[in-house]
Amino acid sequence: MDTENLLKGLNDRQREAVLATEGPVLILAGAGSGKTRVLVHRIAYLIGEKGVDPGSILAITFTNKAAGEMRQRVDAMVGSDAGRIWVMTFHAFCVRVLRQFADRIGYTRSFTIYDTDDQLALIRSIYKEKNLSDKIAKPKSVLGTISQCKNELLRAEDYKADPRNPYQQQAAKVFALYEQKLKENNAMDFDDLIGNAVRLLESDEDARGILNRRFRYLMVDEYQDTNGAQFKLVSLLTEEHRNLCVVGDDDQSIYRFRGADIRNILDFEKRYKDAEVIKLEENYRSTQTILDAANSVISNNKGRKSKTLWTSNGKGGPIRFIRYPTSFDEASGIVRDIKESVAGGKRRYSDHAVLYRTNAMSRLIEEKMLLMNVPYRIVGGVNFYSRREIKDVMAYLKLLVNSDDDLAAARVINVPKRGIGATTLQKAAEYASDGGLTLFDAFCGADRIETLSKKAADKCRGFAELILKLREESKALPVSETVGKVLEETGYVAELKLEGTDESKERIENLQEVVSKAVQYEGEAEEPSLEGFLEEVALIADIDTVDEDADCVLLMTLHAAKGLEFPAVHIAGMEENLFPSAHAVGELDGGEAVEEERRLAYVGITRAKEELTLTSAKERMVNGNRMLGQTSRFVMEIPRELVEMAGDEQPKRDPFAGSGDGGFYGAAFGRRFSDEASFGKPPRAFGRSSSYVSRKNSREEKEVSSLYSGKGAAKKPAPAADAAGLGYAEGDRVRHVKFGTGTVKEIRDGGRDFEVTVDFDGWGTKKLFAAFAKLKKL
DNA sequence: TATATAGTGTTTTTT
DNA sequence: ACACTATATA
């Protein structure tokens with residue numbers, strides 16, 4: 001392939017970007033400007049024209065999806081050697097590096113990766129163990145603080161807590177303990193993957209040299225989303241050769257809340273004085289009208305790299321703005337609109353997307369979709385891999401690989417039920433921590449735990465033997481069969497089958513899906529291993545499984561829509577205090593937060609190829625309160641000649657009166673909707689809870705953490721070991737305060753407590769727990 | 001262990 | 001409003 005041929009079909013700026021291979025390069029790629037295309041061509045050029053070894057090219061993305069897409073396109077363009085190019089996410093790359101050099105930073109190769117749920121469980125276990133109050137600092141907030149620190153490469157010992165600030169005091173304490181536990185468990189959280197890679201590169205000159213020489217050409221996609229740690233990582237990786245090409249769009253930086261530092265892209269030229277800067281402003285996606293709207297809205301932001309999108313596409317139709325009386329009407333309106341456009345033969349369902357600011361807004365729209373028989377799919381929501389049953393199997397697998405993982409051990413010791421309750425677990429945990437052993441070690445040598453009854457010790461040892469047996473067997477088996485064996489031999493599936501509910505059936509299906517994933521993994525991986533499988537699962541989000549062929553409307557948050565495009569886009573909830581959010585409006589940061597919301601609006605608008613419909617509601621239920629909303633300032637920032645207004649109720653003040661370029665609309669500043677509501681209860685004010693990290697369902701984590709080294713368990717009913725204290729036996733006549741007299745039919749060991757079946761005179765047979773029943777022998 | 005009840009927290013999210 | 005979590009109780 002010759003250069004001319006390779007550059008064919010690229011515009012001048014794109015060509016420049018492809019040819020700028022040496023030294024630092026910043027590609028400012030506007031929405032829809034073909035940046036992936038540029039990156040792929042750049043890689044092809046490096047290999048085909050400059051004779052660069054494919055194995056020395058590293059392309060880093062944020063999401064698996066982006067990595068997958070780029071991989072596919074690179075494969076198609078480069079041919080047989082493409083497999084040797086490293087195209088992966090930040091996290092996946094760091095894991096590869098850390099596995100290789102694990103021993104140099106005090107880990108073993110088989111370290112496990114903790115996700116957000118695991119992190120929270122670990123923190124809760126620390127709270128239990130140290131008897132900490134969540135009044136002063138909530139586990140979630142502390143986790144947020146820890147994560148923030150890690151994003152900036154701040155270690156526990158560097159965290160300076162204000163002595164007068166009890167939250168910080170506790171956060172500092174928990175942070176230190178958390179770090180210690182991670183190390184003990186031979187585990188890293190997501191932030192550590194980056195942080196430890198940085199630490200490795202900083203402290204180990206040899207490793208740094210090896211990696212600098214290995215990866216001569218580095219490309220980073222979505223550079224505006226990088227945080228402090230990722231910035232440092234990239235700097236260290238390119239220290240020697242400085243062949244760093246970053247691609248991003250400061251106008252699409254929407255992840256500040258999770259640590260992204262927009263300065264990384266804004267200051268790139270300051271940091272690299274010789275950087276070549278290339279702007280891609282030609283858009284291949286949208287109509288000129290849509291781009292004009294986007295340009296106009298984003299021009300209200302200060303402190304950005306100026307950039308104006310243009311296209312040779314046609315002008316297209318006007319942007320529609322419809323203000324509905326209520327959020328219910330809005331939902332019906334959107335669905336009706338979509339339905340009509342499909343019925344008219346103009347579009348397919350899959351041409352449409354409905355975007356909104358918060359997940360909570362999906363419900364109303366979903367209900368209308370169901371009601372009106374419109375096929376839809378909600379993107380986002382609960383991750384497949386965060387479901388309880390999935391996390392349970394994964395915990396088993398983690399334990400097979402890494403004995404040090406106490407969290408995994410605690411999670412599955414009594415799943416399925418083995419009659420090993422909180423008390424037993426607590427005793428084992430104490431024994432382990434006293435002797436500097438892992439929990440798994442304690443189970444292995446349970447006979448030596450003096451505080452345990454013979455029975456309890458037997459059960460613990462039985463569990464340990466089961467794990468050891470599975471571990472032995474797994475060595476000779478493919479991953480999928482190991483997964484199957486775990487499901488089988490632990491009795492996990494058997495217990496679910498016994499339940500026989502719809503829910504348990506679904507869980508079994510999900511587990512089957514894990515086996516399928518394992519089979520798939522075996523087919524794809526070069527050297528399949530249990531570690532490798534766990535790693536892949538840990539780093540995967542199930543959004544990657546969107547079925548693109550299905551003809552249905554996609555519903556998602558504006559954030560989730562980034563990187564996607566649709567012929568027709570509907571953005572719902574264009575109201576002040578909703579979008580921009582009340583949080584952002586109330587923030588006293590000189591408008592930074594609102595600017596981020598505006599970037600989000602920019603992202604939303606630029607998703608549309610042909611049609612853009614903005615909607616709002618005059619009245620909406622928010623957190624159970626009826627709120628009145630004024631039209632979002634972002635609507636008003638669109639030049640009026642681009643907009644076709646509809647709806648039976650227009651904003652009181654004509655948003656377009658006076659100036660043509662979006663005067664701000666001050667009436668709603670800093671106010672909640674309800675301030676203007678003449679009905680409904682006053683809203684409960686939100687507390688100023690600082691930050692939070694996960695919205696995931698973690699009921700199952702709760703169970704584990706309360707079992708795990710729980711001080712609370714001490715207050716709980718008498719343990720099995722106290723059986724002798726019951727004072728009655730099967731066949732005895734007993735008295736109960738409420739049920740009167742009866743005969744003891746059966747006494748069963750229920751793990752934590754004895755389950756006593758009593759046939760009460762006149763009340764029939766009842767199952768009671770010994771500690772509560774307080775039965776008196778007659 | 002299982003369930004009922006009271007309490008809490010509510011923007012956005014990847015890995 | 002509503003989902004999730006902690007607790008209290010039998």
- Nearest to the side chain of Asn623(A) - dT15(B), dA1(C), dT1(B)? dA1(C)

- Query: For the pair made of CD in Gln148(A) and P in dT13(B), what is the distance, rounded to whole Å?
  - Reply: 18 Å

- Message: Looking at Lys138(A), I'd like to know whether one of its side-chain N or O atoms comes within less than 4.0 Å of OP1 or OP2 on dG9(B).
- Response: yes

- When the distance from CE of Met621(A) to C1' of dA1(C) is rounded to whole Å, what number comes out? 7 Å

- Query: Below 4.0 angstrom from OP1 or OP2 of dT15(B), is there any side-chain N or O of Arg258(A)?
  - Reply: no

- Message: Between dT14(B) and dA3(C), how far apart are the two C1' atoms, rounded to whole Å?
- Response: 23 Å

- Task: Just call it for Lys135(A): base, sugar-phosphate, or nothing, with non-hydrogen atoms closer than 4.0 Å on any strand.
- Result: nothing

- Name all residues meeting the side chain to side chain contact (heavy atoms under 4.5 Å, CB included) criterion together with Ala525(A); count only those two or more places apart in sequence or in a different chain, and write none if there are none. Tyr521(A), Pro528(A)

- Task: Check the distance between dT13(B)'s P and Tyr356(A)'s OH and give it to me in whole angstrom.
- Result: 9 Å

- Note on the structure: Taken in chain and number order and not counting sequence neighbours, the residues that satisfy salt bridge (Lys or Arg N to Asp or Glu O under 4.0 Å) with Lys562(A) are Glu222(A), Asp225(A)

- Message: If you only use heavy atoms from C-beta on, which nucleotide in dT13(B), dT15(B), dT10(B) is closest to the side chain of Phe190(A)?
- Response: dT15(B)

- Message: Just by distance, no angles: are the side chains of Tyr178(A) and Asp189(A) close enough, under 3.5 Å, to form a donor-acceptor pair?
- Response: yes

- Message: Let's go through His583(A) and Phe257(A) carefully: what are the C-alpha distance in whole Å and the side-chain angles of both, what is the deciding distance for ring pair (Phe, Tyr, Trp, His ring centres under 6.0 Å) to 0.1 Å, and is it a yes or a no?
- Response: CA-CA 12 Å; His583(A) 278 273; Phe257(A) 70 91; over 10 Å; no

- Note on the structure: Asp117(A) atom CG is separated from dT5(C) atom C1', nearest whole Å, by 14 Å

- Message: Strictly below 4.0 Å: does Ser581(A) bring a side-chain N or O up to OP1 or OP2 of dT12(B)?
- Response: no

- Task: Provide, to the nearest angstrom, the distance between the CG atom belonging to Leu143(A) and the P atom belonging to dT15(B).
- Result: 18 Å

- Message: Between Asn64(A) and dT15(B), is there a contact of a side-chain N or O with OP1 or OP2 at under 4.0 Å?
- Response: yes

- Specify the separation, in whole Å, of atom NE2 of His559(A) and atom C1' of dT15(B). 16 Å

- Rounded to whole angstrom, note down the P distance from dT12(B) over to dT5(C). 16 Å

- Look at the side chain of Thr116(A) and the base of dT15(B), then say whether one donor and one acceptor between them are separated by less than 3.5 Å. yes

- Item | Side chains of Glu596(A) and Tyr255(A), donor plus acceptor under 3.5 Å | no

- Item | For atom CG of Asp189(A) and atom P of dT13(B), their distance in whole Å | 20 Å

- Is Arg599(A) touching bases, backbone alone, or none of the nucleic acid, heavy atoms closer than 4.0 Å? nothing

- Item | dC4(C) and dT13(B), which share atom name P, separated by this distance in whole Å | 16 Å

- Message: Is Phe257(A) stacked against the base of dT12(B), taking the criterion as centroid distance under 5.5 angstrom and interplanar angle under 30°?
- Response: yes

- Message: How many whole angstroms separate atom NE2 of His91(A) from atom P of dT13(B)?
- Response: 16 Å

- Message: Stacking between His583(A) and dT11(B), defined as ring centres under 5.5 angstrom apart with planes under 30°, is that present or not?
- Response: yes

- How do Glu587(A) and Lys417(A) order along DNA chain B: which one's closest nucleotide is nearer the 5' end? Lys417(A)

- Note on the structure: Exactly one candidate in Glu597(A), Glu592(A), Glu587(A) meets salt bridge (Lys or Arg N to Asp or Glu O under 4.0 Å) with Arg256(A); the answer is Glu592(A)

- Is the phosphate of dT11(B), meaning OP1 or OP2, less than 4.0 Å from a side-chain N or O of Asn577(A)? no

- Of the candidate nucleotides dT12(B), dC2(C), dT15(B), which contains the atom at the shortest distance from the side chain of Arg363(A)? dC2(C)

- Message: Counting only side-chain heavy atoms from C-beta out, which of dT14(B), dT1(B), dT11(B) sits nearest to Thr358(A)?
- Response: dT11(B)

